[in-house]
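A quick write-up on the structure given underneath.
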Amino acid sequence: MLMLLGFVRLVLGVAALGLAAAAIAAWFGFLVPLFDLLNHFQVLLVAGLLALLVAVLVVFIGSSWRWPLAGWLALGLLACGLTVVPETLAAFAPRPPLPHDGRPVIKLMTHNLFGLNYDMGRVARVIAAENPDIVVLQEYFPEQRDNLPALLTPTYPHLAYCVGGKRANIAIFSKLPFEQAQDGACTQDPRLAGRTAHILANFTLAGGQQFAVLTTHFDWPVPIERQREQRDAIVAAIKDVHVPLVVAGDFNSTPWSYAQRDFAAAAGLTRQTHGLLTWPLKVTFKGLSPALPLLPLDQVMTRGDVTVYDVRTGPRTGSDHLPVLATFSVGSAP
């Protein structure tokens, strides 16, 4: 029995030392970009540290290691809290009420369709039930392009899409007419396609208010330099946009990451999504298995005279991502 207790304590002690060290290293991600990658897993870090803290306090009763290990875990939780708590509190900040001054209210949906989701009928039914004015899509692959337009274009006659590498297949469907900015980042010719792309669409409402919507799909945050180049490309693409702007998509990066927060700051964007865990709903393990969302990868950001009234996740569509819906207006009353 003593031998078993010693083994359990050894395993718990090593786990406590390692996980708390990872949490503290994540906090120093602003100095070491490699450490910043750990910030994407803050949900797992917090859950693991809390579980280990309880286990250490119970299993190490009577041991001189009890309080040093508990203190080390508490330090790790403090490091996580400095990152997670502000984000969590922001999720509970009140939103302004819907306007009564005549401003048009626009509803936007951003959704990663998931390349292995072939039930476009289900996707179309969710879109119809939510009834957004603008829909921006990621992982809009040929299989999705073959079926979804026929279901959506009767309601969303204005369409633009990009083809290319895994992250370049994106689209925008809209009830509202728009002009697509020809910035060279989006093509429908596979021979000219790159690995990533973005669509910048310019809108003019009936009352004369103008705004723009940009959607994109980032690569995974490793290698670090690749996503840095993608963030720089978006900053460059919107630097000359002088109307209210909404940026929405799958950023494959969480707001706990210093890199993602620095991107928003460099672009002058205010992130409107807080605490919305959208991925993964499915994992590839012996086929597709259900999972619980742990990461807030799908985000909505704004710049300029944009008032956001509501941001939330939408129903499941068969994708491994939840859709995100944002309701907003631009400018003042006409």
Can you see whether [X] engages [Y] through a side-chain donor-acceptor pair at a distance of less than 3.5 angstrom?
X: Tyr309; Y: Ser329; answer: yes
X: Thr110; Y: Gln299; answer: no
X: Asn169; Y: Arg145; answer: yes
X: Thr215; Y: Gln138; answer: yes

For [X], side-chain hydrogen bond (donor to acceptor under 3.5 Å, both in side chains) partners two or more places apart:
X: Lys107; result: Glu130
X: Gln227; result: Arg231
X: Lys239; result: none
X: Arg316; result: none

Where does the angle between the aromatic ring planes of Trp279 and His321 fall among parallel (under 30°), tilted (30 to 60°) and perpendicular (over 60°)?
-> tilted
Short question: side chain of Gln144, backbone of Asn117 - any donor-acceptor pair under 3.5 Å?
->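 Here the side-chain-to-backbone pair exists.
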Supply the atom-to-atom distance Phe178 CZ to Ile199 CD1, rounded to the nearest 0.5 angstrom.
->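 With rounding to 0.5 Å, CZ (Phe178) is 7.0 Å from CD1 (Ile199).
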Could you tell me the separation between the CG atom of Leu276 and the CG atom of Leu322, rounded to the nearest 0.5 Å?
->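 Between Leu276 CG and Leu322 CG, I get 9.0 Å after rounding to 0.5 Å.
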Does some side-chain heavy atom of [Y] sit less than 4.5 Å from a side-chain heavy atom of [X]?
X: Leu281; Y: Ser319; value: no
X: Val43; Y: Leu295; value: no
X: Ser174; Y: Ile134; value: yes
X: Pro132; Y: Tyr156; value: yes
X: Leu137; Y: Leu148; value: yes
X: Thr254; Y: Gln42; value: no

Could you tell me which residues satisfy side chain to side chain contact (heavy atoms under 4.5 Å, CB included) with Asn202, sequence neighbours excluded, listed by chain and number?
->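 Only Ala181, Ala212 meet the side chain to side chain contact (heavy atoms under 4.5 Å, CB included) criterion with Asn202.
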Counterpart residues, side chain to side chain contact (heavy atoms under 4.5 Å, CB included), relative to Glu229 (two or more places apart) |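 Listed in chain order: Glu225.
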Any salt bridge (Lys or Arg N to Asp or Glu O under 4.0 Å) involving residues 252-281? Give me the pairs, sequence neighbours left out, ordered by first then second residue.
-> Glu87-Arg271
Of all pairs that satisfy salt bridge (Lys or Arg N to Asp or Glu O under 4.0 Å), the ones with a partner from residues 291-309, not counting sequence neighbours | none
Taking the six-membered ring for Trp and the single ring otherwise, decide whether the centroids of Phe35 and Phe28 are under 6.0 Å apart.
->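 For Phe35 and Phe28, the ring centres are not under 6.0 Å apart.
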Which pairs pass disulfide bond (SG atoms under 2.5 Å apart) with one or both residues in residues 44-154, sequence neighbours excluded?
->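 Of all non-adjacent pairs touching residues 44-154, none passes disulfide bond (SG atoms under 2.5 Å apart).
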Applying side chain to side chain contact (heavy atoms under 4.5 Å, CB included) between Leu77 and each of Leu82, Val84, Leu53, report the one that passes.
-> Leu53
For Ser257 and Asp36, run side-chain hydrogen bond (donor to acceptor under 3.5 Å, both in side chains): C-alpha distance rounded to whole Å, both residues' side-chain angles, the deciding distance at 0.1 Å, then the answer.
-> CA-CA 6 Å; Ser257 161; Asp36 189 35; 2.9 Å; yes
Are Phe263 and Ile234 close enough, and set up right, to give a side chain to side chain contact (heavy atoms under 4.5 Å, CB included), and what steps lead you there?
-> CA-CA 9 Å; Phe263 159 68; Ile234 299 302; 3.9 Å; yes
Results of salt bridge (charged side-chain N to carboxylate O under 4.0 Å, His left out) for Arg95 - residues two or more places apart only = none
Would Leu52 and Trp67 show up in the same hydrophobic cluster when neighbours are defined by side-chain heavy atoms closer than 4.5 Å?
-> yes
Give the table of side-chain donor-acceptor pairs shorter than 3.5 Å for residues 5-21, with sequence neighbours excluded, one pair per line with atom names and distance.
| residue | atom | partner | partner atom | Å |
| --- | --- | --- | --- | --- |
| Arg9 | NE | Val59 | O | 3.0 |
| Arg9 | NH2 | Val59 | O | 3.1 |
| Arg9 | NH2 | Ile61 | O | 3.1 |

Hey, could you give me each pair passing side-chain hydrogen bond (donor to acceptor under 3.5 Å, both in side chains) that has a residue in residues 45-66? Not counting sequence neighbours.
-> none
